[in-house]
Structure formats: structure tokens, C-alpha cells
Novice: 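Once you've had a glance at the structure underneath, I'll fire off some questions.
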Protein chains: 2
Amino acid sequence: MEQFCPLEYTLNFIKSKWVILIIRELTLGTQRFNELEKKIAGISQKVLTSNLRFLEENNLVERKVYPVVTPKVEYSLTNLGKSLQPILDQMTEWGIKNIKK
Amino acid sequence: MEQFCPLEYTLNFIKSKWVILIIRELTLGTQRFNELEKKIAGISQKVLTSNLRFLEENNLVERKVYPVVTPKVEYSLTNLGKSLQPILDQMTEWGIKNIKK
DNA sequence: CAGAATCCTTTCGGATACTG
DNA sequence: CAGTATCCGAAAGGATTCTG
């Protein structure tokens with residue numbers, strides 16, 4: 001990912017609707033793949049997977065695989081991932097204030 | 001634009017790299033189409049136009065046409081547009097802090 | 001359960017040419 | 001100067017099927 005300025009750099013991590021919904025969901029705590037899929041309305045398995053990979057690659061999310069019979073994989077925010085929350089909060093606040101209709 | 005929650009609503013306005021660069025440029029003050037085109041490195045005329053239209057439609061930017069011989073059009077942020085600045089500032093701050101290499 | 005693989009549509013933006 | 005019009009390629013994401 002080539003970035004040109006800090007603003008663009010940050011945007012690259014939060015420009016996707018699904019990414020921010022995943023991050024927001026994970027601020028509630030560690031969750032399994034399955035839980036995320038159920039809670040994030042409308043997300044497909046493929047999109048969830050690829051976005052989680054992206055977040056993992058960029059150290060925003062940690063993936064923990066449990067070597068048990070039925071697969072169990074847990075996702076949680078890293079400290080870096082958690083540090084995005086003020087931005088999401090501010091975006092939410094702006095949205096509440098300015099949403100029309 | 002159908003939105004589902006405030007977070008997504010806000011994201012719709014800032015998810016584009018070009019949109020945030022335009023807004024940031026306009027925080028410096030009213031500017032002409034031509035100036036924006038020169039200052040925002042790499043933006044094409046088409047993209048600049050369409051993004052300005054988008055911003056205008058959503059009341060984030062005001063377009064002022066002067067009826068003179070050589071066309072003169074000025075763009076400026078509305079109060080709503082200006083109200084996005086804290087979010088962009090926070091994104092910039094996060095980028096400065098976490099940008100790698 | 002947690003995915004991988006494949007196919008397909010939509011959207012964004014780059015390139016280029018033209019105009020009142 | 002400030003656009004419009006057209007063509008085109010890349011990338012995101014939806015739907016579906018299959019698997020260790």
C-alpha cells in the first residue's frame with residue numbers, strides 16, 4: 001500500500017463500510033467468525049473473510065485459532081485497532097447530528 | 001443514498017480519497033476549479049468534477065458561478081462541510097502516529 | 001465451524017477528445 | 001476556464017458451491 005500522506009494512510013483502513021462495521025463489532029470484545037457473520041447484517045462470508053485478512057495483515061485485528069475438533073477461530077482488536085475507536089466515535093457523532101429524514 | 005446507521009452515513013461522505021483531499025484543500029479557503037485541479041496532485045478533471053458535484057448535492061460544498069466572459073467558478077465549504085474537519089484532523093493525527101516506514 | 005474457489009455485477013477512477 | 005462525453009480497466013463485493 002503506497003500512501004502519500006497521513007490522511008490517506010488512515011483512510012485506507014477505514015474507507016470500507018464492512019471494515020468499520022467489523023471494527024465496531026469487535027470493540028464489544030473478542031468474537032468468533034460465526035458471531036461476526038451473524039451480527040453484521042448483510043455481510044457475506046467471503047467479504048467477512050477477506051476483510052478480516054486485511055485487518056490482520058495490517059495489525060488491526062488478531063486472529064486466534066484453537067486446535068479443536070470443530071474449528072474455532074476468535075478475532076479481537078489489537079491496540080492499534082482499538083486506537084481507531086475515537087475516529088469511529090466521532091464519525092458516529094457526526095452522523096447522528098446530520099443524518100437527514 | 002440509503003443509510004443504515006450514523007457511522008455508515010458519515011462514511012459515505014468521506015470514504016473517497018479524492019473527496020477528503022478536496023475537502024482538505026477547501027479548508028484553506030474558497031478556490032476555483034482550476035486551482036483545485038492544480039493543487040490536488042493526480043486528480044483528473046473528470047473525477048474532480050464528479051466529486052465536486054457529489055459534495056454540492058450533499059450540501060458540503062457551495063458552487064458559485066460568475067457570469068463573466070472566461071468562465072469563473074468558485075468552490076467553498078459550507079458549514080456542514082467545515083464540520084467534517086475535526087474528523088479529518090483526527091484521521092491525520094492517527095496517520096502521523098501510525099504510518100510505517 | 002470457518003473457510004476457499006469460482007463467477008459475475010457494479011462502481012470508481014484513469015485516459016482522451018471535444019466545447020461554450 | 002470549466003466543464004461534458006465516451007471508452008476502459010481494476011477492484012470491491014454479492015451469490016453460490018464445496019471442504020477439512
Novice: List for me each residue that meets side-chain contact (heavy atoms from CB on, under 4.5 Å) alongside A:K97, sequence neighbours excluded, and say none if there are none.
Specialist: A:E93
Novice: Do the side chain of B:Q85 and the main chain of B:T27 share a donor and acceptor less than 3.5 angstrom apart?
Specialist: no
Novice: Give, ordered by number, those residues of residues 67-75 of chain B having at least one heavy-atom distance below 4.0 Å to an atom of DNA chain D; if nothing qualifies, reply none.
Specialist: B:P71, B:K72, B:V73, B:Y75
Novice: Given that A:Q45 and B:E35 both sit by DNA chain D, which one's nearest nucleotide is further toward the 5' end?
Specialist: B:E35
Novice: Please name the pair of heavy atoms, one in B:F54 and one in B:V19, separated by the smallest distance, quoted to 0.1 Å.
Specialist: CD2-CG2, 4.3 Å
Novice: With respect to the side chain of B:R63, which nucleotide from C:dA15, D:dG3, C:dC1 is positioned closest?
Specialist: D:dG3
Novice: Rounded off to whole Å, could you give me the NZ-to-P distance for the A:K17 and C:dT10 pair?
Specialist: 16 Å
Novice: Is it the case that over 12 heavy atoms from other parts of the model lie below 6.0 angstrom from the NZ atom of A:K39?
Specialist: yes
Novice: Figure out the CD1/P separation between A:I43 and D:dT16, and round it to whole Å.
Specialist: 17 Å
Novice: For B:S16, which contact category applies under a 4.0 Å heavy-atom criterion: base, sugar-phosphate, or nothing?
Specialist: sugar-phosphate
Novice: Specify the separation, in whole Å, of atom CZ of A:F33 and atom C1' of D:dT19.
Specialist: 14 Å
Novice: Under 3.5 Å, is there any donor-acceptor pair linking the side chain of A:K46 to the base of D:dG14?
Specialist: yes
Novice: What integer distance in Å separates B:K39:NZ from D:dA2:P?
Specialist: 13 Å
Novice: May I have the distance from A:K64 (atom NZ) to C:dA2 (atom C1'), rounded to whole angstrom?
Specialist: 17 Å
Novice: Over how many whole Å does the gap from A:N34 atom CG to C:dG3 atom P extend?
Specialist: 10 Å
Novice: Return yes if some donor-acceptor pair links the side-chain N/O of B:T78 with the main-chain N/O of B:E62 below 3.5 Å, else return no.
Specialist: no
Novice: B:L52 CG to D:dA2 P: how many Å, rounded?
Specialist: 11 Å
Novice: In whole angstrom, give the distance that lies between atom CG of B:L48 and atom C1' of D:dC1.
Specialist: 13 Å
Novice: For C:dA2, take OP1 and OP2 only and decide whether either is under 4.0 Å from a side-chain N or O of A:R32.
Specialist: yes
Novice: Is it true that a side-chain atom of A:Y75 and a backbone atom of A:E56 form a donor plus acceptor pair closer than 3.5 Å?
Specialist: no
Novice: Any idea which of C:dG3, C:dG14, D:dA2 is nearest the A:T49 side chain?
Specialist: C:dG3
Novice: Is B:T30 reaching over with its side chain to a backbone N or O of B:S76, donor-acceptor style, under 3.5 angstrom?
Specialist: no
